[in-house]
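See structure below.
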Amino acid sequence: MVMLIRRRLFCTKIPPNSHPHKLQWSVKQVTKSNFNDSLQEFKSHLSSSDFVAVSLQNTGSFSASWNRVSSFDTPETAYLKARRAAERFQLLQFAICPFTISGSKVTAHPYNFHLFPRDELNIGMPSYSFSCQTSYLTAMARHGFDFNACIYDGVSYLSRAQELVAKVRMGNPIALNHIPTSSPPTVADTVFVERVKSRIKHWKKACTDSSSRKIDDTLIKSLRKLVSGGEQYGSRPCMTIDVCSERQVQLVSEMLREFSDDLVALKIPTKGGGTQAVRVVLTSSKEDRSLFERELQNVEEEQNKKLRGFREVIELISASQKPIVSHNTLNDFSVIHSKFIAPLPFNMDEFLHSSQSAFPHIFDVNHMMKEIGPLENVTSIPAAISYLKNRFFAPIEMELSHGAFSDASKIHGQTVVRICYLFAKLCSVLKITPGAIQSDDGNVTSLPGYANVLRSSSGSCEESLDGGIRIWTNSPRKVDCKDLVFLWGFRDRLSAGMLKSLLQGSHEVFSGEFDVCLIDKSCAVLVFLQPNLSQAFLDVMSSEGISGSLREFVSEGLRAADYETYKRACSLGLWETDLANSLDKASATPDQFSQRGPETKPSEIFWCKDLIINLDDL
Amino acid sequence: MNTTKHWPKRALILSRALSRAFSDTPSPTFPLKHVTRSNFDSALAELRSHVRAADFVAIDMEMTGVTSAPWRESFEFDRFDIRYLKVKDSAEKFAVLQFGVCPFRWDSLNQSFIAHPHNFFVFPRQEIPLDRTSYEFLCQTTSMDFLAKYQFDFNACINEGISYLSKGQEYEARKRLNSLNKDQLTNLSRDLRETTDLPLVRVADVLFTERMKKRLSEWRNELLQNGVGGPQDQGYPNDLNQQFRTVFFKMRPALSLNGFTSHQLSLIRMVTRNHFKDLAYVHCNGENTSEEFVVYTDSESDKDRLVEEVKNDYQRRAEMKINDAVGFRHVIDLLSSENKLIVGHNCILDIAHIHSKFLGPLPLTAEEFVSCVNKYFPRIIDTKILLNADYTLQRKMKKSSTSLSSAFSSLCPEIAYGSKRSVLSHEPCVKVEVHVGEMRSSNWNSGAKHEAGYDAFMTGCVFAQACSHLGIDFQLHSASETLCQNEKLQKHMNLLYLSWINGDIIDLRTGNRTEELLGSNILRKRFRPILFKNIVLLWGFPSRLKPSMIRDCICKTVGPTSVISIYRIDQTTVFVQFSKEELVSDFLNLKETLEQSNDAISVLHPLSQLLEGGNTHAASYETYKEICASPISKVLFADQAEAVGIKWKTELLPSSEESQENNSFHPESGAADTPDAFEKSKIRKKEDSSKQKLCDDIIDSFIKAEKIRRSTNL
């Protein structure tokens with residue numbers, strides 16, 4: 001043990017305050033050791049606040065550059081991408097900040113929960129394994145993330161769906177509820193019941209005898225116990241009856257009901273969900289019986305709490321029905337759904353429905369920023385804050401429960417406070433009275449465009465940890481997905497401009513206006529700004545009569561596919577490193593998804609010339 | 001944890017304390033050498049000399065996980081090729097976080113080994129952007145938890161871990177940097193030679209160009225007046241804002257340009273090009289910054305020389321950058337180039353990790369893998385093989401487990417407990433002196449188990465002790481060459497457990513698979529040899545069915561003795577081993593028939609219990625291989641099969657004569673993950689088979705089932 005402690009001392013300390021220039025707010029850091037205490041505190045802060053801001057820290061966001069949500073994605077493909085990321089990567093920190101806005105003053109109570117999916121029950125839950133993106137971890141390390149704190153002391157959790165499974169698998173005794181038997185007993189049943197009955201009779205007699213005789217000699221007591229085959233359940237004597245079927249469980253329970261009312265039957269489940277045995281516990285009186293039943297209930301509640309772990313916090317938020325403010329709703333809520341509610345459904349509508357039923361009011365600050373015209377492409381929080389600071393006079397005073405400026409150990413989870421701040425500022429700029437949102441009991445229509453918040457957040461991108469800014473020089477325009485064509489199989493290291501000029505002379509469909517944008521090194525997307533040209537181009541690509549330089553390109557391997565193929569690649573989960581490979585595979589697979597009836601989903605995207613700006617890839 | 005309990009007498013403690021007090025050996029609990037980014041270069045230089053002098057080098061590593069899904073664990077029912085696929089999957093998905101290297105050298109003067117345990121923190125940082133894809137690795141939560149339990153320092157690993165490039169990546173990086181350089185160089189020569197003028201449209205640009213022309217010519221004249229050899233700063237007053245600074249660039253006088261916009265710089269570039277024959281514009285890319293210079297050259301030939309020098313500079317910098325990025329692989333290259341005996345404990349996975357991280361992607365078959373490894377590391381010894389193969393060693397270990405820590409404590413108690421217990425057994429123990437930097441100790445124990453460096457040290461000690469028990473005299477075999485030649489060692493050389501569970505051993509020299517050697521004391525539960533052709537893979541059945549129920553269900557229809565065994569892979573999947581090969585296709589055909597017909601008879605059929613839910617899939621053993629070969633890893637096998645793209649429910653086999661042929665080669669084993677490959681590779685049941693025939697089949701099997709029922713009842 002000494003060795004281990006010494007070794008722990010050698011462990012790297014995270015350099016304090018790696019960003020001295022930034023304003024640091026004090027955030028309460030929660031790990032396994034202080035989770036229970038913090039939970040109580042959090043509960044009271046939550047109930048006294050109007051909003052809850054959340055911000056998540058994951059181990060990665062996308063495996064290949066095209067896997068990130070991009071502006072050529074429809075809400076559906078954006079969801080599929082978010083779903084993929086949520087299933088693949090792990091959530092390590094969950095910062096939550098209940099806050100209240102009154103006038104220009106924000107009262108905030110930020111918490112930063114360290115999480116780690118510990119397989120505490122040894123049943124492969126909450127997660128068997130997870131993926132890490134090295135660049136992501138390196139960037140987190142640069143920002144002073146403490147991995148040791150997370151992995152050693154992170155709070156574990158189970159989702160709602162997992163909790164149900166775990167309860168069965170743990171095989172904890174469950175109080176037996178009586179269900180009347182449906183069929184008349186057979187001979188075998190009667191024999192079984194009689195045998196059990198006589199066993200219980202003997203055992204009970206032995207128990208009551210020994211307790212009345214009050215033998216102090218523990219040796220004799222334990223010997224007697226050994227002989228009578230009795231066991232102890234807590235301080236009460238009990239006996240285990242092996243059963244082979246659910247039918248026998250019923251029989252035992254029925255028999256016990258008739259037999260005596262100071263016996264409580266417990267079901268010992270098997271790992272598969274069946275019943276292995278029935279345990280009969282002897283209570284000394286009616287009062288003792290109800291006491292015992294209460295005890296059982298408490299034990300179960302305690303057990304549930306242990307199973308849920310951090311999810312208790314999510315349940316509190318969900319139960320409070322407070323509006324949740326987040327910066328990247330689609331990604332955040334797909335993670336929240338997959339880790340704390342249930343596996344993500346395949347279908348986006350199901351996801352929306354399920355999320356909304358758990359969290360009815362969600363605000364996306366990113367979405368709100370779009371209300372202020374030119375801001376719509378400033379996706380990083382610090383950039384948005386400084387933008388608002390320069391443009392608008394909307395002083396916000398922050399009051400934090402854990403003190404304003406902090407010592408070095410409390411810096412993690414700053415983003416969540418910034419989200420509160422930004423939200424308050426946006427409310428002030430957009431002339432939204434936060435009180436009004438709250439007052440009409442859950443009716444949140446006062447916020448423009450709110451209803452669609454999860455849906456319309458698709459175009460937004462990740463916030464980079466470095467606070468990179470995406471400035472789009474051309475204003476985006478609406479483009480129908482039908483006018484998009486994916487193109488691959490061209491030479492490596494070809495720039496979009498070169499590709500465009502190559503195409504321009506190759507065929508007459510390119511005489512009209514069109515745009516080219518590289519998605520990754522192997523694939524580009526073409527957008528035709530005139531209708532029907534895309535279909536004409538696709539037809540040319542697959543026709544015999546292809547000629548000229550385009551024929552040359554095709555024989556060198558150029559291939560094209562429509563937007564449906566791209567959708568199929570996403571929905572089939574063909575997340576190859578290169579989009580070109582995914583599209584190749586998707587075009588080879590028969591179309592089985594388009595047969596699901598007429599397309600009702602919006603199939604328009606906002607097209608913008610500088611589709612992909614090279615953020616330093618996180 | 002408390003080591004004192006192993007000391008038999010208090011007196012011993014006293015004597016040890018006294019002896020320590022009088023000898024100048026420091027406390028034996030100093031930590032081993034941790035190597036991170038910051039001290040890597042010096043540690044590598046040191047390690048180089050230690051490895052060169054070593055007789056053998058023990059290695060060990062800590063990974064982020066072992067199996068990417070529960071069904072990827074090692075099973076008894078895994079064929080040889082599948083076992084390799086499982087090792088391959090593990091090595092490809094997980095990352096190595098710690099790499100322990102411990103060179104051992106025999107010191108004939110002191111009659112002891114000298115060990116230098118090193119513990120490298122490794123982290124696959126993306127130091128050179130090879131392509132737009134990001135590096136990703138998997139973590140198994142139980143493994144991470146395990147590492148945390150032994151106080152693994154994740155922060156040190158992620159912040160300070162040494163990165164690496166595999167040979168393939170290095171090649172790719174060199175290619176890429178060369179082509180980048182070529183681009184830059186063509187730019188450079190264009191700057192110096194070609195003239196493509198920017199149109200001067202704005203007044204501001206015209207004025208700026210004139211001003212720059214004047215500035216440059218002033219500076220040049222100044223230079224020429226003062227003599228080319230030495231420009232004097234005071235001759236030309238430097239700008240207040242330091243836009244121009246006279247410096248030397250490659251031994252030539254030059255102006256360093258600062259604080260200009262890129263547009264301004266391109267104007268300056270143009271001016272230099274068009275108006276000054278003896279000035280050259282040079283753009284230098286530094287680590288994070290780029291610098292611009294206007295350089296004075298004596299003549300055309302001097303200008304060419306300058307281009308040459310700048311070019312070489314680029315080249316050198318690129319080389320250095322790649323060399324740095326190769327990082328930890330230098331250690332692996334060192335072990336390979338020094339041709340030392342590598343010692344590991346149950347090290348097939350370690351070797352696979354070395355291959356996938358430092359050599360290149362793992363090949364598809366075990367044979368290719370083995371031949372590649374053998375070329376790179378011609379001599380590998382697995383101590384687990386050694387301990388299990390030799391009877392004398394087994395006796396020495398008193399039949400304890402051959403896990404590393406128990407082997408270490410039973411073979412090397414002196415080192416493990418720092419006691420002299422083994423004196424009683426009259427067996428001389430091999431002495432091992434540990435050197436870490438200036439520290440020396442002959443009974444060193446850092447106590448940090450499951451730290452790669454310490455595990456490597458334990459492995460080496462076990463090996464040394466085992467050799468001595470085998471009667472190998474280190475005095476005679478001081479050079480590592482002769483140690484390897486020793487025939488007692490030779491017969492264990494280059495053998496690795498492909499899977500410890502089955503005792504399957506692979507020979508690295510030949511790729512041959514061998515059974516465990518005779519003399520092994522391990523009594524393995526071998527029923528009878530598993531015939532893979534007789535196996536049906538069954539998944540997606542109702543979850544409440546237990547293996548025994550599945551057996552009953554199948555026995556009722558195919559025959560009471562038809563099923564030899566049922567092996568559970570996970571809650572969704574079992575292997576069913578039939579007694580005869582024909583039964584496999586019989587069963588698959590029957591299942592297909594039942595599923596195609598939809599009448600009352602098939603509902604009553606005993607097999608329908610198994611098919612309930614309509615999601616029960618069945619296939620031959622080859623499908624299991626295809627599923628294992630897929631890069632996807634879902635937690636449940638049934639989900640995995642779906643993700644791999646299996647759309648059929650029953651894989652129908654061709655009639656048995658054909659299947660004989662088919663078993664000799666597997667055409668579809670290569671392209672396993674394309675969904676359409678599956679569709680094509682499976683023979684679909686012809687739809688024209690009449691309804692009548694279906695009914696007949698079912699009724700036949702019914703009668704059979706009824707017969708069986710009667711016979712078993714009797």
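Heavy atoms only: backbone and side chains are in, while hydrogens, waters and symmetry mates are out. Proteins come first, then strands; the chains are lettered A, B, ... in the order of their sequence lines, and each starts at number 1.
Around atom CD of B:Glu92, more than 12 heavy atoms belonging to other residues, nucleotides or ligands sit under 6.0 Å away. In A:Lys32, the NZ atom is crowded: over 12 heavy atoms of neighbouring residues, nucleotides or ligands sit closer than 6.0 Å.
By the side-chain hydrogen bond (donor to acceptor under 3.5 Å, both in side chains) test, A:Asn581 is found to be paired with no residue, residues two or more places apart in sequence or in another chain being considered.
Side chains of A:Phe116 and B:Met144 form a contact here, defined as non-hydrogen atoms less than 4.5 Å apart. You'll find the side chain of A:Phe130 stays beyond 4.5 Å of the side chain of B:Leu138, heavy atoms only. Counting heavy atoms from C-beta on, the side chains of A:Tyr136 and B:Glu136 never come closer than 4.5 Å. Side-chain contact between B:Phe137 and A:Ser131 is absent, with no heavy-atom pair separated by less than 4.5 Å. Put simply, the side chain of B:Phe154 does not reach to within 4.5 Å of the side chain of A:Asp146, judged on heavy atoms.
Across all non-hydrogen atoms, the minimal contact from A:Thr138 to B:Ile158 is N-CG2, 4.4 Å.
Under a 3.5 Å cut-off, the side chain of B:Asn155 and the backbone N or O of A:Phe147 do form a donor-acceptor pair. Remark: side-chain polar atoms of B:Asp145 are not paired, donor with acceptor, to backbone N or O of A:Arg118 under 3.5 angstrom.
Only the backbone of B:Ser68 comes within contact range of chain A, with heavy atoms under 4.5 Å apart. With a threshold of 4.5 angstrom between heavy atoms, B:Thr67 approaches chain A through its backbone and through its side chain.
For the atom pair CZ of B:Phe152 and CD1 of A:Ile151, the computed distance is 9.0 Å after rounding to the nearest 0.5 Å. To the nearest 0.5 Å, atom CZ of residue B:Phe94 and atom SG of residue A:Cys132 are 11.0 Å apart. Between the CZ atom in B:Arg125 and the OG atom in A:Ser135 there is a gap of 11.5 Å [rounded to 0.5 Å]. The line from CG of B:Leu147 to OH of A:Tyr152 is 9.0 Å long, rounded to the nearest 0.5 Å. Taking SG of B:Cys157 as the reference point, atom CG of A:Leu137 lies at 10.0 Å (rounded to 0.5 Å).
Side-chain contact annotation: A:Ser129 with B:Gln140, donor-acceptor N/O pair under 3.5 Å absent.
Comparing B:Pro124, B:Ala69, B:Ser633 by how many heavy-atom pairs each has under 4.5 Å with chain A, the most go to B:Ala69.
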Derivation and outcome, side chain to side chain contact (heavy atoms under 4.5 Å, CB included), residues B:Thr141 and A:Tyr128: CA-CA 6 Å; B:Thr141 48; A:Tyr128 185 81; 5.5 Å; no
